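Okay, so here's the structure we're looking at.
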Amino acid sequence: MKKLFLKYTFLSLILSMGPKIQAQHTDQNKDPLSIYRVTALKVNDLVHTKLEVSFDYGKRYLYGKEWLTLKPHFYETDSLTLDAKGMDFKEIAIIDGKKSIPLKYTYDKEQLFITLNRKYKNTEKYTLFINYTAKPEELKTKGGESITDSKGLYFVNPDGRSDKPVQIWTQGETEASSCWFPTIDKPNQKTTSEIAMTVESKYTTLSNGKLTSQKANNNGTRTDVWKMDQPNAPYLFMMAVGDFKIYKDTYNGKEVNYYLEPKYAPYAKQIFGKTPDMMHFYGKMLGVEYPWAKYAQIVVTDYFGGAMENTSATVHGSYVQKTERELLDDNQESTVAHELFHQWFGDYVTAESWSNLTMNESFATFGEVLWHGHDAGQDAEDRSRYEKLQNCLRSSKDGISPPLARFYYKNRDDMFDNISYSKGSIILYAAKNQMGDAAFFKSLNLYLNANAYKSGETHQLRLAMEEISGKDWSPYFNQWYYQGGNPILNVEYGYANGKATIAVKQVQESTVQTFSLPLKVDFYVNGTKIRKDILIDKREQNFSFDVPVKPEFTDLDPDKILVGQVLDNKKVTDYLYQYKNVPSYYNRIEAVKFAAKDKSHEAQLILLAALEDQQDDLRTLSIKGLDLNDNQIKEAALKSLLNIAKNDKKTNARAAAIIKLAATGDASYKTLMVESTKNQSYNVIAAGICGLSKFSNDEADKALATLDDDTKNHVTPLIKKFNNPK
């Protein structure tokens, strides 16, 4: 699942920490953090789920008939507990041949406690029939900070009174599928499925698996049957009903379809068109072809979760849906890649508990990073990695943050945070760096094949890595998966008597572990690079190396795999050198960020150089940081700024350059402002109006007033943003 916003306070970080903190709690009735979150006990196993559903739009009800096939997991049993939230039941019976035997049960509005007709052994399957009504709108549910609702089934504009489309869609993660069908709603359960949906004939449907039949009924409805022949977790079940247009694509003989509102159907290929290439890349990289019968992506209205990787059918929020003009300024390629990678990590093999959510979300975020590298080169991959690192560091203070595998938490929805997503992804990347690509991806292949259509946990990943590499990976997992925190390194460089020295202190908060960090160091000497290996594993350490002369620059961790922070007290000359001579994305952005805060002439030289950077975010940062009161800098920058303002392919950089030129007060740029207001890009138009206001408020107001309503609606909030930058 991809979240739009991850609200994660320092307080929640402290409360989410591992056993050292939680062990202090003793009263489980008062503090949910005292509870060790075990993997759900398996008494019965789901085998097959068959549903027949129809909908009452007026009441917001689902009428369902279910045939649920199960078997005891190991021990014989005569009882069954099902999750079923806020439902009414007309009949619960067991199917015995041609007979239907009513069963005794109790119900507490959350779970069904059913007494079976006899004891069953684990060699026996049995099938229940349940006739029920689901009432999701009447549920009193509470989500977490990321997944903000948990009613499972949602009616959008069911009475048709608003201008929103009439839709029905579901959201099962974490345990909300049991709001619309009785099941064992745990991630370590897997079941095949058949879902028959009766809907008004004018509507399109989507669900897991393949559409196997469509039958027109006499009352203006149609029944669509969707079958999923491969087992998947109940939280990954989905349905969607509405007026969608389908763009049909293919990959390797399989259907790859995109469902959008009719208005956005012409742009389907531009929004989702890289999906088949992603499927090919991921399948080849993992050695496991895309595992499901089809892949669909659908965009729904009022979706609150960002996006959701339902098996073979991803749901996206409407923010993904964009016109050609909107796509000039922004796209959601990262989200498309993230949800697709889940089809392997999350769906094909599912985290066996929410404590092990890292096995889903860390991998999907890691998949984003790798796609950007494949599609746009190493620099784009490093940019994506850097963004994840910053997310991770924002979710810690003084190096304090929770572990990846978290067995104590207050609300399972709160597991969906920057730790499970961003931190986990760069921990995986660091493991890849240490193992080497060949061993790492062979380990992932082994993990996927060994646990196919089942659930997995971090220990199984570790064991796969050990089997392939022949190395014990317990220290790595103990440090990064089962303990929390991140290192903060205070580093001092020196040179004396033919030796380059590095003094390192781990200055993260004293309660945070002391990390073991195998890193590399590059010394730049007389135009050549000398690489050395170091192991930082103490709170304070000194390293020295024979180097013929004082290095022009020392690059600690040149691969930038450190999941932490470096405080190295560099000077502006160091940053200028690293930008021009050691130009990894990490080094370049750190230099630009330093220069944007440092107002010295030397720092401005870094920003001047970055105006030509290949990454648009660095061009944009440089533009904003430039001090045009420095006449020498101004003279050197204007030509580049004008070129960016007129020709840059990235509209955020163009907009920044337009606004920067307007700020000079030079009336010769007024024509550029006027021309910009006629551009197709909303970013560029908004920047043009902001720039024009520097010369004439009346002309700026007139330019805004002459825009059509669609353009005005897009541009107005951008103008406010540009006029009030954070």
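Position 1 is the first residue of the sequence; numbering continues from there. The shown structure was predicted, so the numbers you read here are calculated from the model rather than taken from an experiment.
- Note: Y585 and Y386 have perpendicular aromatic rings, judged against thresholds of 30 and 60 degrees for the angle between ring planes.
- With a 6.0 Å radius and a threshold of 12 heavy atoms from other residues, nucleotides or ligands, K599 has its NZ atom above the threshold.
- The aromatic rings of Y282 and W371 sit perpendicular to each other, their planes meeting at more than 60°, with 30° as the lower class boundary.
- The number of heavy-atom neighbours closer than 6.0 Å to CD of Q614, taken from other residues, nucleotides and ligands shown, is above 12.
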Which is it for R588 and D379 under the salt bridge (Lys or Arg N to Asp or Glu O under 4.0 Å) test, yes or no, and what are the steps along the way?
-> CA-CA 11 Å; R588 297 192 337 265; D379 206 60; 2.8 Å; yes
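- Atoms CG and OG1, from L428 and T358 in turn, are 6.0 Å apart once rounded to the nearest 0.5 Å.
- Taking both residues in full, the closest heavy atoms of L626 and A637 are given as CD1-CB, 4.0 Å, listed atom of the first, atom of the second, then distance.
- Ring planes of F440 and F366: perpendicular class, angle over 60° (limits at 30 and 60°).
- At most 12 non-hydrogen atoms from other residues, nucleotides or ligands lie less than 6.0 angstrom from CD of E324.
- The shortest heavy-atom contact between A636 and L608 is CB-CD1, 3.8 Å.
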Is there a side-chain hydrogen bond (donor to acceptor under 3.5 Å, both in side chains) between K322 and Q270 once you walk through the steps?
-> CA-CA 9 Å; K322 296 179 185 295; Q270 292 159 278; over 6 Å; no
In sequence, state the C-alpha distance, the side-chain angles, and the governing distance for R619 and D613, and then conclude on salt bridge (Lys or Arg N to Asp or Glu O under 4.0 Å).
-> CA-CA 6 Å; R619 298 196 297 276; D613 200 279; 5.9 Å; no
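- Nearest heavy atom pair, residue E333 against residue D375, reads OE2-OD2, 3.4 Å.
- If you take OG on S395 and CG on N418, they are separated by 3.5 Å, rounding to the nearest 0.5 Å.
- With a 4.5 Å cut-off on side-chain heavy atoms, V549 and N526 count as touching.
- Judged by the 6.0 Å and 45° rule, K570 forms a cation-pi pair with Y575.
- Between the side chain of Q513 and the main chain of G484, a donor-acceptor pair closer than 3.5 Å is present.
- A distance of 7.5 Å separates OG of S443 from CG of L461, quoted to the nearest 0.5 Å.
- Judged by the 6.0 Å and 45° rule, R385 forms a cation-pi pair with Y429.
- For K532, the NZ atom counts as loosely surrounded, since its 6.0 Å shell holds 12 or fewer non-hydrogen atoms of other residues, nucleotides or ligands.
- Looking at I606 and Y577, their side chains never come closer than 4.5 Å, going by heavy atoms from C-beta outward.
- Between the side chain of N724 and the main chain of K721, no donor-acceptor pair closer than 3.5 Å is present.
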Yes or no on side-chain hydrogen bond (donor to acceptor under 3.5 Å, both in side chains) for N478 and Q483, after CA distance, side-chain angles and deciding distance?
-> CA-CA 6 Å; N478 288 339; Q483 295 188 70; over 6 Å; no
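- Checked for salt-bridge contact, D555 and K560 meet the test: a charged N lies under 4.0 Å from a carboxylate O.
- Counting all heavy atoms, side chain and backbone alike, K670 lies closest to L692 at CG-CD1, 4.0 Å.
- Crowding of N569 atom CG: a count of heavy atoms from other residues, nucleotides or ligands under 6.0 Å exceeding 12.
- Ion pairing of R654 with D648 is absent here, as no side-chain N (NZ or NE/NH1/NH2) approaches a carboxylate O to less than 4.0 Å.
- Here the straight-line distance linking atom OH of Y495 with atom CZ of F523 works out to 10.5 Å at 0.5 Å rounding.
- Side-chain N/O atoms of E361 and H338 include a donor and acceptor closer than 3.5 Å.
- At a threshold of 4.5 Å between non-hydrogen side-chain atoms, the residues L672 and L642 count as touching.
- A salt bridge links K499 with D546; the closest basic N to acidic carboxylate O contact falls under 4.0 Å.
- Under 4.0 Å is where a charged nitrogen must lie from a carboxylate oxygen, and between D559 and K432 no such pair does.
- For an aromatic pair to be called close, the ring centres must be under 6.0 Å apart, and W480 with F515 satisfies this.
- Checked by atom type, the side-chain pair T651/N683 shows a donor-acceptor distance below 3.5 Å.
- Taking each heavy atom of D533 and F545 in turn, the nearest pair found is O-CE2, 4.4 Å.
- Atom OG of S622 and atom CD of Q615 lie 12.0 Å apart (nearest 0.5 Å).
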For the pair T458 and Y482, evaluate side-chain hydrogen bond (donor to acceptor under 3.5 Å, both in side chains) and give the outcome as yes or no after the intermediate values.
-> CA-CA 9 Å; T458 51; Y482 309 125; 2.7 Å; yes
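- Partner of D417 under the salt bridge (charged side-chain N to carboxylate O under 4.0 Å, His left out) criterion, out of K423, R406, R394: R406 alone.
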Step-by-step salt bridge (Lys or Arg N to Asp or Glu O under 4.0 Å) determination, E368 to K2 = CA-CA 11 Å; E368 288 177 51; K2 185 74 177 272; 3.3 Å; yes
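- Taken from CG in N542 to CD1 in I502, the straight-line distance is 10.0 Å, to the nearest 0.5 Å.
- L328 and Q680 make their closest contact through CD1-CB, 3.8 Å (heavy atoms, listed as atom of the first residue, atom of the second, distance).
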Begin with the C-alpha distance, continue with both residues' side-chain angles, and end with the deciding distance and a verdict on side-chain hydrogen bond (donor to acceptor under 3.5 Å, both in side chains) for R539 and Q506.
-> CA-CA 5 Å; R539 284 282 169 165; Q506 295 194 37; 5.1 Å; no
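- For the pair K471 and E466, the salt-bridge criterion is not met [side-chain N within less than 4.0 Å of a carboxylate O].
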